Novice: 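Just passing along the structure, written as structure tokens.
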Amino acid sequence: MKKYDHQEIEKKWQNYWLKNKTFKTTENSNKEKYYVLDMFPYPSGAGLHVGHPLGQTATDIIARKRRHQGYEVLHPMGWDAFGLPAENYAIKTGIHPAITTKENSDTFRRQIQSLGFSYDWDREINTTDPQYYRWTQWIFLQLYKKGLAYEKSMPMSWCPKCKIVAANEEVEQGTHERCGTPVERKHLKQWMLRITEYAERLLNDLDSPNIYIIHGWGSDSQSNWFERARQFLVSKKVRVCVPDFPHTDNPVYKEWKTHFESQFIQLWSQDILIGHSLGGGFMLKYLSENDIQIDKLILVAPTIKDYDVLELKDFYTKTFDYDKIKQSAQKIAIFASDNDQYIPLKDFQFLAQQLDAELILLPQRDHLMDPNFPELFEYLGDIQRSILNWPDKIKAMQRNWIGKSEGLLFTAPVKDTNITIQTFSAHFEAFCSDNFVVIAPDHPFLETLLEGIDNKQEILDFCKELIRKRMERGFEEEKEPEGIFTGRYIIDPVGNGDLPIWIASFALADYGTGIVKCSAHDERDFAFAKKYNIPLKPVLFPKDPEKAEKVKNLEVCCTDMVDGILTEPTEFTGKRSGDVRQEIIEYIEKKGFAKRQTTYKLRDWIFTRQRYWGEPIPIVFDEKGQDYPLDDSELPLQLPEIAKYEPSETGESPLASIDSWVNIQGYITKQGTVKTIQSGDKAPKDTTIQKFKRETSTMPNWAGSSWYWLRFMDPCNEQEFCSKEKEKYWGPVDLYVGGAEHAVLHLLYARFWHKVLYDLGLVSTKEPFKKLLNQGLILAEDGHKMSKSLGNVINPDDIVKKYGADTLRVYEMFMGPFEQSKAWNMNAVEGARKFLDRVWRVSQKNNKNRKKESISSLLHQTIKVVTEHIEEFRFNTAISQLMVLTNELTAQEEISQETLEIFVILLSPFAPHLAEEIWREILGHTETVAYEPWPTWNPEYLIENEVTYAVQINGKVRADFTTPKDTAKEEVVAKAKTLENVSKYLDQGTIIKEIFVPEKIVGFVVK
RNA sequence: GCUCGGGUGGUGGAAUGGUAGACACGAGAGACUUAAAAUCUCUUGCCUUCACGGGCGUGCGGGUUCGAGUCCCGCCCCGAGCACCA
């Protein structure tokens, strides 16, 4: 027998796949598409580590299985190659980062190819390629033109020794991690992106919508296309509700309103309302009269007046509040026909105009009642494609990061001045206790506030010291808060008198308004007040008299709001504070003390780095310092060659030192963009040649990864970043797999850019990644993280060489649940190899003439389990099922061609080289196994002829027996009673209950 | 503190409320071999029993149920992420 020579086999088929472009993606619109994407790696000098193939094997298994199942699969790979390591290496060695990047990506490509992944290498992209980053720059310009990019002077961490701006993650405890020098704060102008403008949508779209379909006059949930639409949405796993409204022939608006509201607790801002005919009219009236925020309003042949039908009079006010409706929904669409027997076309046009709605006109379709409604279903399909299927953990992290909180904004005059300040409070239940105010030491308003105070300078110096200490502390929590009195008071709008304003070390300038009203009922505020002897007035007391006494004597603060009682104002006395939140808001708002306000923790995105190795920002400044976007024809704005990679003395990017690059001549086009011009050339008519300076900062390395999944759809397009047609076909990414470390930054930035492109009409979905999964961490054998310094790093090359790529793939998939961290185990690697050895031996027992098989039940069981478990990302159990089958086949003398073929196809996603070898060399096929149809299981074969019953006495198993499958219940129970170890127990009492679970359990309850 | 996971043999891990421990690693025994490796077969949660069997077992304490690793209530521990967010 031939030996299983993994080195020979794997090399052979890898070359074959590459040479024949076996995995080249085509765009066949007859097939259903599937886009499966890995988070593309940064090609570091260290090469691939064993964590990379974990996610990549999983996506490869899915991609291969989908190809077997007849999908058109997009499965690409590329390099996120801008970034610090290559630049730092360049500073040290003088080697151009492009050279390092190329070497590293070559290594990565070789390593990835050695694992047999089925990527389409014709679509490989690299973010540092000018043909790629011209589009990164182009998208930046779209943001700029939309007003989403702006310049702002920001304090940055500056290392005086390295003369370099350090990123936050490079600063450790106030010192530069590379050289240990304390960093300084330096104000530098930075480009910012207004991600905060999208905060609400980034938050809301994490939740999936509810869709409501509202029927019209004389119909119900089963009429027209409603039931089909419901089924369609249910099949796409969208929550949908099609209520039946009362008295449909004689509808009453009030009744419908009550009924509609009974269908939901609250309409959320991601919800979608679809109304047909009178259902549309109902929605128009409802949204005119109620303050509702929804995502989409879809009106299908809506009625906008009663058309003198008596029964409908109740639904139409004289005019709808079109502005209010417009503000209720993010998007409004109207489906209508030009030959509607009830409604004239001009009414639809009028409505579309009033609502700024998209009018989708379908010729000759009457009142749109046909159950077939492909246009609407396609529209709903687009909605469905935007709904996220992400781990709760990642969603929670994003919510946390966005950090929405709703509270009250109080406005108060400052005593002895003519200025007012605003304070934000999310926990205002104890507002009667507010006794002092704190302001952040770095609050920009501080100077103004202190105007006229005697010891102003002393206070400002103290603030400086507080800020210095905060920097030094870094991410450590403060042990003891510090502060100083400003000498100012506010006149409390809610009537607590004059409250002193303190500067407090714990107050944050960039959260809320940076100023807080404080009370005795917050642990931190309480500690601060005690330290500085600020008088306190507790108003909430626990029911426990002993505890209440302690609060009264200011020994402890009471943070337990639910048990507390608000003592003033009297309206609330005797109520538990947690129950009166809403009442308090109304009370305060009514009295005009404060306004509702929502704040977010999310900050705008600092989009510039003073570095060389990044995308140049395509902005220029005229001699007055006014900024202009470069004209599209100027893209890509290429990185110039440079002699020294160090940043300049002033903290500017190294690019600033290249005069010939920075200083240019050009003119302003009619569109307000700037085109450069060679000296000596003439400017077009009506324009003048001016001097400009280029922006010298580069983009952060998150930029290139914020849209790359779109480029994979159309990687060679020179006219657009991606054609609309291709985006419509491939988008969104169906499955996205990568490390959880990107839970917030990358995934939030990517969603942000995608939404901007969506708003510009350049992509068709609101969200880029439909399903997201994070692979678990692979730890070293000792359970610690793998690291060079510990010397416990496993290099995939070594495993591939010694055991083979298929072994590595099977091992990593068999280690445990995909999303869980797990430790490497060399013995288990050998176990995976032994499994493949056994498969190899089994394959030699192939007999082409053999027909019948005695193991068809197990075979079909295996098809079912492997098929289902791959889909559920339960690769470990899928493999264990293949092992069970292999062990059974090992016991067989010979194996039929058919059985072996099925087995090989099932194995091929996991161990593609071995599967291809058996498929071609043993089973004798001439084409690749990769596109063979995936086997299906026959439920009939799953049924065993014999079943085993367990017999339980009072829930404990006492015996078991096998019997033919169809044995009647009475017979099974009777047989169970005769068993020796059962009758023994039955004799000890009387049977008070018999339990029979078909094909599983016979139980007796004996007393 | 908040959020999200998780706790099952010596180990990694399996178990739509229905025979806990599939599959694999490790360990032990045997077959083949001069021998070893490889391969194949058997055993392997703990306690008890010559054996049949019995008892105990899924972090802890309760509950629901004929029956709970699984569902409910109350805790403990571990991991990850966020955190001076008013």
Side-chain angles (χ1 to χ4, degrees), chain A residues 391-401 403-405 407-408 423-428 434 437-438 440 470 473 475-479 481 504-508 510-519 522-525 528 559 599-602 740-741 743-744 774 776-777 810-811 814-817 819-832 834-835 837-838 841 865 874 876-887 890-891 948-960 980-981 984 991-1007:
Chain A
D392 288 341
K393 183 186 159 188
I394 304 295
K395 286 197 202 172
M397 282 165 79
Q398 293 222 345
R399 283 194 195 98
N400 198 327
W401 190 264
K404 179 178 179 173
S405 69
L408 292 174
T423 69
F424 173 75
S425 182
H427 305 292
F428 43 76
D434 288 350
V437 172
V438 298
R470 183 186 286 179
R473 208 170 48 240
F475 296 101
E476 293 276 306
E477 197 167 325
E478 183 176 60
K479 285 188 194 79
S505 56
F506 57 79
L508 301 170
D510 60 356
Y511 184 77
T513 63
I515 310 174
V516 202
K517 285 213 297 169
C518 301
S519 77
D522 177 278
E523 219 167 317
R524 193 189 52 198
D525 298 346
F528 186 80
T559 51
T599 31
Y600 301 89
K601 288 188 213 170
L602 185 68
E741 68 274 16
V744 179
N774 304 113
L777 224 56
V810 168
Y811 168 66
F814 188 63
M815 282 176 91
E819 296 197 85
Q820 189 177 302
S821 324
K822 48 233 156 184
W824 192 265
N825 178 349
M826 243 349 150
N827 282 327
V829 176
E830 292 195 25
K834 276 195 223 166
F835 162 62
D837 279 329
R838 197 177 294 201
R841 284 194 297 276
V865 168
R874 296 166 61 193
N876 54 336
T877 47
I879 291 170
S880 82
Q881 184 65 37
L882 288 171
M883 287 172 168
V884 172
L885 180 62
T886 306
N887 291 346
T890 300
T948 303
Y949 277 93
V951 187
Q952 295 183 341
I953 312 289
N954 295 339
K956 277 200 189 304
V957 178
R958 294 299 175 185
D960 60 25
E980 190 195 344
N981 206 35
K984 186 167 100 187
I991 300 171
I992 56 171
K993 195 174 176 183
E994 288 179 3
I995 294 125
F996 178 76
V997 183
E999 296 178 32
K1000 283 210 169 110
I1001 298 280
V1002 182
F1004 301 102
V1005 184
V1006 178
K1007 237 189 154 176

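Predicted model only: the values in this text are computed from it and were never measured. Throughout, protein chains are lettered first and strands after them, A, B, ... in sequence-line order, and every chain is numbered starting at 1.
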Novice: Syn or anti for G9(B), taking syn as within 90° of 0?
Specialist: syn

Novice: If you take all heavy atoms of Tyr811(A) and Asn825(A), which pair is closest and at what distance?
Specialist: OH-N, 2.9 Å

Novice: Of the nucleotides C85(B), U39(B), U19(B), which one has an atom closest to the side chain of Leu508(A)?
Specialist: C85(B)

Novice: Test side-chain contact (heavy atoms from CB on, under 4.5 Å) on Ser405(A) and Tyr511(A); report intermediate values, then the result.
Specialist: CA-CA 11 Å; Ser405(A) 69; Tyr511(A) 184 77; 2.8 Å; yes

Novice: May I ask you to test the Phe1004(A)-Gln952(A) pair for a side-chain heavy-atom distance under 4.5 Å?
Specialist: no

Novice: Would you say Lys993(A) places a side-chain N or O within less than 4.0 Å of OP1 or OP2 belonging to C66(B)?
Specialist: yes

Novice: Looking only at side-chain N and O atoms, does Thr599(A) come under 4.0 Å of OP1 or OP2 in C85(B)?
Specialist: no

Novice: Counting heavy atoms from C-beta on, name the nucleotide in C4(B), A86(B), C66(B) closest to the side chain of Gln952(A).
Specialist: C66(B)

Novice: Could you pick out which residue, Ile995(A) or Thr890(A), lies toward the 5' side of RNA chain B when each is mapped onto its nearest nucleotide?
Specialist: Thr890(A)

Novice: Roughly how many Å is it from CZ in Phe835(A) to P in C40(B), rounded to a whole number?
Specialist: 13 Å

Novice: Check side-chain contact (heavy atoms from CB on, under 4.5 Å) between Val884(A) and all other residues, then give those that pass, not counting sequence neighbours.
Specialist: Leu858(A)

Novice: Once you round it to whole Å, what is the distance between C1' of A80(B) and NZ of Lys395(A)?
Specialist: 19 Å

Novice: From G18(B), A86(B), G13(B), pick the nucleotide closest to the side chain of Gln820(A)?
Specialist: G13(B)

Novice: Rounded to the nearest 0.5 Å, what's the gap from NZ on Lys822(A) to CG on Leu777(A)? Could you check?
Specialist: 9.5 Å

Novice: Roughly how many Å apart are G12(B) and C4(B), using the P atom of each and rounding to a whole number?
Specialist: 26 Å

Novice: Which atom names give the shortest non-hydrogen contact between Ala740(A) and Ile394(A), and what distance separates them?
Specialist: CB-CD1, 4.4 Å

Novice: With rounding to the closest Å, how many angstrom separate the C1' atoms on A80(B) and C66(B)?
Specialist: 41 Å

Novice: Could you go step by step and tell me if Val951(A) and Val957(A) meet the side-chain contact (heavy atoms from CB on, under 4.5 Å) rule?
Specialist: CA-CA 6 Å; Val951(A) 187; Val957(A) 178; over 6 Å; no

Novice: For the aromatic rings, using the six-membered ring if either is Trp, is the centroid distance between Phe835(A) and Phe814(A) under 6.0 Å?
Specialist: no

Novice: Looking at G5(B), does its base get a donor-acceptor pair with the side chain of Glu819(A) below 3.5 Å?
Specialist: no

Novice: When the distance from CG of Leu408(A) to P of C85(B) is rounded to whole Å, what number comes out?
Specialist: 18 Å

Novice: Mind pulling the stems RNA chain B is in, i.e. runs of at least three Watson-Crick or G-U pairs, everything under 3.5 Å?
Specialist: B:1-7 with B:76-82, B:10-12 with B:23-25, B:26-31 with B:39-44, B:45-48 with B:53-56, B:59-63 with B:71-75

Novice: Send over the distance from Asp525(A) CG to G1(B) P, rounded to a whole Å.
Specialist: 19 Å

Novice: Return the value, rounded to whole Å, for the distance between atom CG of Asp522(A) and atom P of G1(B).
Specialist: 16 Å

Novice: Can you tabulate the close N/O pairs, meaning under 3.5 Å, that link protein atoms to atoms of nucleotides 22-33 of chain B?
Specialist:
{"from": "A24(B)", "atom 1": "OP1", "to": "Asn887(A)", "atom 2": "ND2", "distance (Å)": "3.0"}

Novice: Before giving the answer on side-chain contact (heavy atoms from CB on, under 4.5 Å), spell out for Lys395(A) and Arg399(A) the whole-Å C-alpha distance, their side-chain angles and the decisive distance to 0.1 Å.
Specialist: CA-CA 6 Å; Lys395(A) 286 197 202 172; Arg399(A) 283 194 195 98; 3.9 Å; yes

Novice: Could you give me the CA-CA distance, side-chain angles and deciding distance for Val1005(A) and Ile995(A), then say whether side-chain contact (heavy atoms from CB on, under 4.5 Å) is met?
Specialist: CA-CA 8 Å; Val1005(A) 184; Ile995(A) 294 125; 3.9 Å; yes

Novice: N/O contacts under 3.5 Å, protein versus nucleotides 43-45 of chain B?
Specialist:
none

Novice: For Val516(A), report the nucleic acid contact type (base, sugar-phosphate, nothing); a contact means any heavy atom under 4.0 Å.
Specialist: base

Novice: Which residues pass the ring-ring contact (aromatic ring centres under 6.0 Å, His included) test with Trp401(A), not counting sequence neighbours?
Specialist: none

Novice: Please classify the nucleic acid contact of Gly514(A) as base, sugar-phosphate, or nothing, using heavy-atom distances under 4.0 Å.
Specialist: base

Novice: Quick one: are the ring centres of Tyr949(A) and Phe996(A) less than 6.0 Å apart?
Specialist: yes

Novice: So what does Thr948(A) touch, heavy atoms closer than 4.0 Å: a base, only the sugar-phosphate, or nothing?
Specialist: base

Novice: Closer than 4.0 Å, any side-chain N/O of Arg841(A) to the OP1 or OP2 of A38(B)?
Specialist: no

Novice: With heavy atoms under 4.0 Å as the rule, sort Phe1004(A) into base, sugar-phosphate or nothing.
Specialist: nothing

Novice: Measure from the side chain of Asp392(A), starting at C-beta and using heavy atoms only, and say which of C82(B), G5(B), A86(B) lies closest.
Specialist: G5(B)

Novice: Mapping Phe506(A) and Lys822(A) onto RNA chain B by nearest heavy atom, which one lands closer to the 5' end?
Specialist: Lys822(A)

Novice: To the nearest angstrom, how far is Met815(A) atom CE from G12(B) atom P?
Specialist: 12 Å

Novice: Each nucleotide in nucleotides 51-58 of chain B should get exactly one letter: B, S or -. Can you fill that in based on protein heavy atoms under 4.0 Å?
Specialist: --SSS---

Novice: Side chain of Pro817(A), heavy atoms from C-beta onward: which of A86(B), G18(B), A14(B) has the nearest atom to it?
Specialist: A14(B)

Novice: Given the C1' atoms of G26(B) and U64(B), what is the spacing between them in whole Å?
Specialist: 41 Å

Novice: Side chain of Lys393(A): nearest nucleotide among C4(B), C40(B), C85(B)?
Specialist: C4(B)

Novice: Whole angstroms only, please: what is the CZ-P distance between Phe428(A) and A86(B)?
Specialist: 12 Å

